[in-house]
2 protein chains.
Amino acid sequence: MTACADCPVRNRAICSVLEDGERAILSQIGHRQSLSAGQTLMWEGDKSSVVANVIEGVLKLSTSLGDGREQIVGIAYPADFVGRPFGDQTRYTISAITDARIHSFPRAGFEKFAQEHPKLEHRILERTLTELDNSRQWMLLLGRKTAQEKLATFLLDMSERLKDECCDEILAPLDKFTLPFGRQQIANILGLTIETVSRQLTELTKADLIKLPDQREVLILDRNRLQELTDL
Amino acid sequence: MTACADCPVRNRAICSVLEDGERAILSQIGHRQSLSAGQTLMWEGDKSSVVANVIEGVLKLSTSLGDGREQIVGIAYPADFVGRPFGDQTRYTISAITDARIHSFPRAGFEKFAQEHPKLEHRILERTLTELDNSRQWMLLLGRKTAQEKLATFLLDMSERLKDECCDEILAPLDKFTLPFGRQQIANILGLTIETVSRQLTELTKADLIKLPDQREVLILDRNRLQELTDL
DNA sequence: CGTGCGATTGACTGTCCTCAACATGGGTGG
DNA sequence: CCACCCATGTTGAGGACAGTCAATCGCACG
């Protein structure tokens with residue numbers, strides 16, 4: 001049931017550094033779990049009791065102020081690892097943005113296993129370092145970029161992660177992808193309001209840099225000019 | 001010369017998890033180095049060739065846009081670890097804010113040593129996870145807080161890190177500390193302009209929440225009300 | 001005593017937010 | 001099947017907060 005053999009992320013998730021035998025043991029420490037869109041896995045401030053691999057779907061990590069203002073501080077795609085090992089508190093809320101499947105582990109059991117398998121810890125370290133680099137890059141966006149620059153950066157960033165597999169076209173001179181986010185969530189990622197996001201998207205559309213065939217679909221028409229707008 | 005015995009951070013830096021013998025070996029992989037205020041250790045985009053422990057002084061990690069807008073994405077105090085192990089590129093500039101001393105290691109040698117000492121890697125992992133939590137918390141500030149909230153948060157944050165050792169007073173009902181930053185750098189930490197920082201500080205002073213005896217010194221007069229202004 | 005750097009203050013501007021109306025589209029029930 | 005509704009997104013008008021530009025201050029240093 002929790003067999004790794006048919007796991008779609010077995011070659012990319014952190015467990016890919018383990019031997020089959022080791023992986024089977026780790027697998028049995030936890031279990032697969034389904035989340036429906038909107039469902040929250042753990043809350044900011046909770047005791048950290050669970051960590052997980054994302055198998056399918058998209059999760060968001062978010063934190064918020066007393067009056068409800070929210071900031072999304074991370075996004076987890078399939079093969080990503082979520083949760084806070086080696087610490088007793090989760091400092092952000094983890095929720096499913098789309099329907100999702102994860103393989104979750106009780107933190108204690110996972111930590112014990114990890115400490116006995118340094119190569120797994122090493123893999124987690126590498127990921128965490130990359131996450132830290134990314135989040136610092138995002139701080140530049142939040143602190144210093146204009147609304148237009150934020151959206152240009154966001155769209156290019158998404159296009160890297162979400163390049164539609166279904167490339168029916170002969171070539172792909174303009175790429176197309178489907179956002180897993182609604183406008184409000186884009187706003188919460190970029191530190192803007194939903195109205196500003198909407199306005200900037202229509203601006204970019206009017207300027208023929210992008211096309212929005214549908215609320216969630218994006219076509220990048222002019223990657224170069226979009227790149228220039230990111231100001232980096 | 002590079003003896004650990006007299007190192008002021010030996011009990012707090014990552015090497016504190018090592019035995020004396022191991023630590024001596026690690027020590028000899030690198031060397032102590034002095035940095036004067038303003039001096040840059042490594043540049044954003046450089047090949048990552050060095051990592052280091054901070055022994056004394058304060059360093060900043062920063063990244064910037066094409067036109068010079070800068071965002072400070074991290075601050076390193078004594079006993080902190082800087083640089084990017086297990087990755088070939090540094091994604092932010094590391095510079096000394098005050099005169100500083102570090103113990104730096106060629107990345108390759110350090111990595112080899114770390115891989116042979118899982119408990120050191122584990123310590124680095126713990127630190128990196130904490131750093132990631134902190135940087136995500138800071139994203140909330142950058143994306144969602146007002147100028148006033150940013151400054152209140154900043155001042156309380158600094159007071160935690162910088163509580164003046166020299167507590168001559170019987171008790172410390174109001175705490176005092178000296179910022180290692182000028183106004184421009186505060187602005188670059190908070191994602192504001194220098195003028196806004198200055199104005200907000202005078203506001204807080206007029207409201208008798210703080211006192212600024214000198215450009216770098218801060219007295220917190222009313223920690224509770226300041227806490228309320230952080231809106232969390 | 002002048003020079004220069006950092007910080008402060010002021011006047012004005014612009015970007016983004018707020019509030020509100022309106023559009024769109026998918027789902028449900030009559 | 002259509003009318004209605006609700007959720008989501010767009011558009012508009014007006015305002016506020018922080019940015020820009022510029023003058024002034026204070027202080028350390030030569």
Side-chain angles (χ1 to χ4, degrees), chain A residues 36-38 60 64-65 67-71 97-99 140-155 178-207 210-218 229 231, chain B residues 37-38 60 64-65 67-72 97-98 141-155 178-207 210-218 229 231:
Chain A
S36 43
K60 70 170 182 180
S64 57
L65 294 170
D67 60 3
R69 280 172 285 172
E70 174 182 303
Q71 178 66 48
I97 276 190
T98 65
D99 289 342
L140 175 65
L141 175 139
L142 291 172
R144 291 304 189 193
K145 289 194 179 182
T146 64
Q148 189 178 56
E149 290 165 349
K150 285 180 177 179
L151 269 139
T153 307
F154 172 75
L155 290 171
T178 303
L179 296 170
F181 314 107
R183 296 289 185 270
Q184 181 60 62
Q185 272 162 348
I186 298 176
N188 290 347
I189 291 170
L190 299 176
L192 296 171
T193 59
I194 184 173
E195 294 96 329
T196 301
V197 170
S198 185
R199 274 187 258 269
Q200 294 298 334
L201 286 176
T202 43
E203 289 305 309
L204 293 174
T205 304
K206 282 181 189 163
I210 60 170
K211 192 155 184 280
L212 304 171
D214 159 356
Q215 293 191 160
R216 297 262 173 142
E217 267 167 77
V218 180
L229 289 185
D231 205 318
Chain B
K60 69 170 182 181
S64 57
L65 294 169
D67 61 2
R69 279 171 286 173
E70 175 183 303
Q71 178 66 47
I72 293 181
I97 276 191
T98 64
L141 174 140
L142 291 173
R144 292 303 189 194
K145 289 194 180 183
T146 64
Q148 189 177 56
E149 291 165 348
K150 285 180 177 178
L151 270 139
T153 307
F154 172 76
L155 291 171
T178 304
L179 295 170
F181 315 108
R183 295 290 186 267
Q184 181 60 63
Q185 271 162 347
I186 298 176
N188 290 346
I189 291 170
L190 298 177
L192 296 171
T193 59
I194 184 173
E195 294 95 332
T196 301
V197 169
S198 186
R199 274 189 258 269
Q200 294 297 334
L201 286 176
T202 43
E203 288 307 309
L204 293 174
T205 303
K206 282 180 189 163
I210 60 169
K211 191 155 184 281
L212 304 170
D214 160 355
Q215 293 192 161
R216 297 264 173 142
E217 267 167 77
V218 180
L229 289 184
D231 206 317

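Keep in mind that what you see is a predicted model, and the values were worked out from it rather than measured. Naming convention: chains lettered A, B, ... in sequence-line order (proteins, then strands); numbering from 1 in each chain.
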**Q** Look at all strands and tell whether Leu201(B) reaches a base, only sugar-phosphate, or nothing, counting heavy atoms closer than 4.0 Å.
**A** nothing
**Q** Quick one: Asp67(A) CG to dC17(C) P, roughly how many Å, whole number?
**A** 14 Å
**Q** State the CG-CG distance between Leu229(B) and Leu151(B), to the nearest 0.5 angstrom.
**A** 10.5 Å
**Q** Think Thr202(B) has a side-chain N or O under 4.0 angstrom from the OP1 or OP2 of dT9(C)?
**A** yes
**Q** Can a side chain N or O of Thr196(B) be found less than 4.0 Å away from OP1 or OP2 on dC17(D)?
**A** no
**Q** In whole Å, what is the span from the CD atom of Gln184(A) to the P atom of dA7(D)?
**A** 14 Å
**Q** Which sits closer to the 5' end of DNA chain D, Lys206(A) or Gln215(A), going by the nucleotide each is nearest to?
**A** Gln215(A)
**Q** Which residue, Thr146(A) or Glu195(A), contacts DNA chain C at a nucleotide closer to its 5' end, judged by nearest heavy atom?
**A** Thr146(A)
**Q** Nearest whole angstrom, please: distance from the P of dG9(D) to the CD of Glu203(A).
**A** 19 Å
**Q** Is it true that the side chains of Lys145(B) and Thr153(B) contain a donor and an acceptor less than 3.5 Å apart?
**A** yes
**Q** To the nearest Å, give me how far apart CZ (Arg216(B)) and P (dG6(C)) are.
**A** 10 Å
**Q** Measure from CG on Leu141(A) to P on dC16(C) and round the result to the nearest Å.
**A** 12 Å
**Q** Mind checking whether Phe154(B) and Leu179(B) have side chains closer than 4.5 Å, heavy atoms only?
**A** yes
**Q** For Arg69(A) and dC17(D), what is the distance between atoms CZ and C1' respectively, to the nearest whole Å?
**A** 13 Å
**Q** Is Thr193(A) close enough to dC17(C) that one of its side-chain N or O atoms is under 4.0 Å from OP1 or OP2 there?
**A** yes
**Q** Could you tell me how far apart Arg144(B) (CZ) and dC17(D) (P) are, to the nearest whole angstrom?
**A** 17 Å
**Q** Should the side chain of Arg199(A) and the base of dG9(D) be counted as holding a donor-acceptor pair, with the cut-off at 3.5 Å?
**A** no
**Q** Evaluate the side-chain proximity of Glu70(A) to Arg144(B): yes if any heavy-atom separation is below 4.5 Å, no if none is.
**A** no
**Q** Any donor-acceptor pair, under 3.5 Å, between the side chain of Gln200(A) and the base of dC16(C), if you only look at N and O atoms?
**A** no
**Q** Just verifying a value: how many Å separate Lys150(B) NZ and Thr146(B) OG1, rounded to the nearest 0.5 Å?
**A** 8.5 Å
**Q** Mind calculating the distance between CG (Asn188(A)) and P (dT8(D)) to the nearest angstrom?
**A** 13 Å
